[in-house]
2 protein chains.
Amino acid sequence: MEARRDVFQAIADPTRRKIIGLLADSSKNLNSISENFNMSRQAVSLHIKILQECDLIVVQQKGRERICEVQLEKLNEVYEWTDQFRTFWTNKLHALKKVVEQPNDHIDSPKKL
Amino acid sequence: MEARRDVFQAIADPTRRKIIGLLADSSKNLNSISENFNMSRQAVSLHIKILQECDLIVVQQKGRERICEVQLEKLNEVYEWTDQFRTFWTNKLHALKKVVEQPNDHIDSPKKL
DNA sequence: TATATTTGCAAGCAAATACTTGCATAATAT
DNA sequence: ATATTATGCAAGTATTTGCTTGCAAATATA
């Protein structure tokens with residue numbers, strides 16, 4: 001069953017987030033990744049597969065080894081989604097400040113909230 | 001079954017992300033939220049519950065209504081996790097530039113990225 | 001060639017997820 | 001008082017998830 005497979009789903013699992021962290025440091029083959037976890041190699045392999053399916057990881061066959069490289073840019077989707085709301089929560093602090101500090105409008109105000 | 005319940009898990013579901021978006025605009029009661037979806041009220045109610053369990057939503061009883069308010073600050077955990085890697089992928093572009101462009105430091109540089 | 005290593009594939013399983021429908025309950029409106 | 005509205009609770013189901021173990025295959029090393 002090909003289920004929904006997106007970046008948000010992929011990073012929902014803590015093991016997969018840890019894998020991303022490991023690979024951000026340097027590319028690694030499947031076995032050396034799985035050494036960092038208390039689960040079977042197969043379990044890790046499955047996580048890798050999921051990360052691959054949403055292009056967070058690119059796997060390159062090198063002899064009998066599979067070198068996994070993380071594509072951190074793919075996290076941009078998540079970054080942007082959260083960042084969109086970040087302006088909301090930072091504005092909770094700044095919006096008030098702006099209103100209070102501005103006794104009247106100036107010509108050079110480019111934007112008003 | 002009390003499963004792992006964290007923000008990453010919570011935002012993995014597209015319905016829940018949409019709920020967050022809706023509530024970012026303004027707080028709403030359960031029924032008016034569920035009007036935006038093609039699923040049963042119960043299904044939406046369950047999503048709300050999950051969002052509540054990780055403090056992304058605070059529910060306030062008001063008579064017979066339950067007003068849902070989103071706590072966008074809780075997304076900071078996700079923001080920071082992605083941002084940590086963002087420096088990696090933006091550095092792919094900027095790191096080289098920095099090294100090349102900066103022959104020495106200046107006093108009047110208020111901030112360096 | 002015999003053996004180690006790195007990996008894939010497949011079956012099996014318990015738990016979680018994402019829903020559904022039906023009924024109960026409490027607050028409000030007529 | 002009765003109907004309407006907003007909601008919760010519980011049971012049931014199909015699918016997905018996160019793992020396991022066993023076996024096979026391909027590559028590298030002795």
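Proteins get letters first, then strands, A, B, ... in listed order; numbering begins at 1 in each. Side chains included, hydrogens not; waters and symmetry mates left out as well; all remaining heavy atoms used. Note that the structure is a prediction, hence the values are computed from the model and not measured.
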Option among B:Val44, B:Ile50, B:Ile11 that satisfies the side chain to side chain contact (heavy atoms under 4.5 Å, CB included) test with B:Arg16:
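Passing option: B:Ile50.
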For [X] and [N], is the shortest distance between a side-chain N/O and OP1 or OP2 below 4.0 Å?
| X | N | value |
| --- | --- | --- |
| A:Arg5 | D:dT17 | yes |
| A:Ser45 | C:dT7 | no |
| B:His47 | C:dT17 | no |
| A:Asn31 | C:dT7 | yes |
| A:Ser40 | D:dT20 | yes |

Whole Å only: how far is the [atom1] atom of [X] from the [atom2] atom of [N]?
| X | N | atom1 | atom2 | answer |
| --- | --- | --- | --- | --- |
| A:Met39 | C:dC13 | CE | C1' | 17 Å |
| A:Gln61 | D:dA28 | CD | C1' | 14 Å |
| A:Arg41 | C:dT7 | CZ | P | 8 Å |
| B:Lys62 | D:dT5 | NZ | C1' | 17 Å |
| A:Ile48 | C:dT6 | CD1 | P | 15 Å |
| A:Asn29 | D:dA26 | CG | P | 19 Å |
| B:Lys49 | C:dC19 | NZ | P | 16 Å |
| A:Asp13 | C:dA16 | CG | P | 14 Å |

Residue [X], side-chain heavy atoms: nucleotide from [options] that is nearest:
| X | options | result |
| --- | --- | --- |
| A:Glu65 | C:dG22, C:dG8, C:dT7 | C:dT7 |
| A:Ala43 | D:dT17, C:dT17, D:dT20 | D:dT20 |
| B:Gln9 | C:dC9, D:dA6, C:dT17 | C:dT17 |
| A:Ile50 | D:dG18, C:dA18, D:dT21 | D:dG18 |
| B:Arg64 | D:dG8, C:dA27, D:dG18 | C:dA27 |

Value for CZ (A:Arg5) from CD (A:Gln52), rounded to nearest 0.5 Å, stands at 11.5 Å
Value for CD1 (A:Ile48) from CZ (A:Arg41), rounded to nearest 0.5 Å, stands at 12.0 Å
For C:dA4, the nucleotide meeting Watson-Crick or G-U wobble distances (both under 3.5 Å) is none
Could you tell me if the side chain of [Y] sits less than 4.5 Å from the side chain of [X], heavy atoms only?
| X | Y | result |
| --- | --- | --- |
| B:Leu75 | B:Tyr79 | no |
| B:Gln71 | B:Asp55 | no |
| B:Ile57 | B:Ile19 | yes |

inquiry  = Just confirming the chi classification of C:dA4, syn or anti, using 90° around 0 as the syn window.
reply    =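 Syn for C:dA4; the angle stays within 90° of 0.
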*base_contact_polar (C:dC19 base, B:Gln42 side chain, donor-acceptor, <3.5 Å)*: no
